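For reference, the structure is listed below as structure tokens.
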Amino acid sequence: MAGWLNSLKDTALGATVRQFLGSKLDGYGKIEQLKIDTKNHLIEVEVRLEGENTPVQVILRGYEIVEKDGVTHISAPTGAFTASRIWLGKLLNAQLAGRSFVIPEKYAKYARGLVG
């Protein structure tokens with residue numbers, strides 16, 4: 001896929017991912033920036049958490065989108081998360097890496113687009 005077309009796809013998917021993550025962060029913080037690179041399976045997000053003066057950056061490398069029995073899942077390999085706060089990267093890896101999560105159907109068709 002041409003570079004510009006892939007970039008356009010990533011930008012469109014970013015809007016959907018921003019909406020999904022934004023709803024999960026409601027009351028805790030606000031997404032300031034979000035970048036998706038479907039070719040390299042990379043998601044970078046910058047969040048300004050409530051009560052914090054500076055935003056926190058979180059990077060997810062190597063995510064996988066899998067469909068099983070008509071249900072779409074996202075997973076991250078062990079050690080897939082890094083963050084601008086060391087403790088947060090460790091927490092995300094401990095709680096989320098190596099696990100699979102169901103993506104709600106209303107977002108699933110967009111999530112399938114995260115596959116490069």
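This is a predicted model, so every value here is computed, not measured.
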Separation between [atom1] of [X] and [atom2] of [Y], rounded to the nearest 0.5 Å:
X   : Y    : atom1 : atom2 : result
L25 : E50  : CG    : CD    : 10.0 Å
F81 : I43  : CZ    : CD1   : 8.5 Å
T72 : I103 : OG1   : CD1   : 6.0 Å
E46 : E32  : CD    : CD    : 5.5 Å
L42 : L60  : CG    : CG    : 7.5 Å

Checking [X] side chain against [Y] main chain: does a donor-acceptor pair fall under 3.5 Å?
X   : Y    : answer
R18 : I31  : yes
S75 : S100 : no
N93 : A80  : yes

Shared hydrophobic cluster, I59 / L34 (ILVMFWY, side-chain heavy atoms < 4.5 Å):
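No; tracing contacts between hydrophobic side chains, which count when under 4.5 Å, never links both residues.
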With the 4.5 Å side-chain cut-off for hydrophobic clustering, are L96 and W87 part of the same group?
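Yes: a chain of side-chain contacts under 4.5 Å links L96 to W87.
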Give me the atom names and distance for the closest heavy-atom approach of [X] to [Y].
X   : Y   : result
A83 : G89 : CB-N, 3.6 Å
P77 : G62 : CD-O, 3.1 Å
Y63 : T38 : OH-CA, 3.7 Å

Would you say N40 has more than 12 foreign heavy atoms packed within less than 6.0 Å of its CG?
yes
Greater than 12 external heavy atoms within 6.0 Å of F101's CZ:
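Yes, the 6.0 Å shell around CZ holds more than 12 heavy atoms from other groups.
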If you apply the rule side chain to side chain contact (heavy atoms under 4.5 Å, CB included), what do you find for R85 with L91, and how did you get there?
CA-CA 10 Å; R85 308 286 195 286; L91 178 66; over 6 Å; no
Step-by-step side chain to side chain contact (heavy atoms under 4.5 Å, CB included) determination, R61 to T82
CA-CA 8 Å; R61 288 183 174 83; T82 56; 3.3 Å; yes
Are side-chain heavy atoms of V47 and L21 found at a separation under 4.5 Å?
no
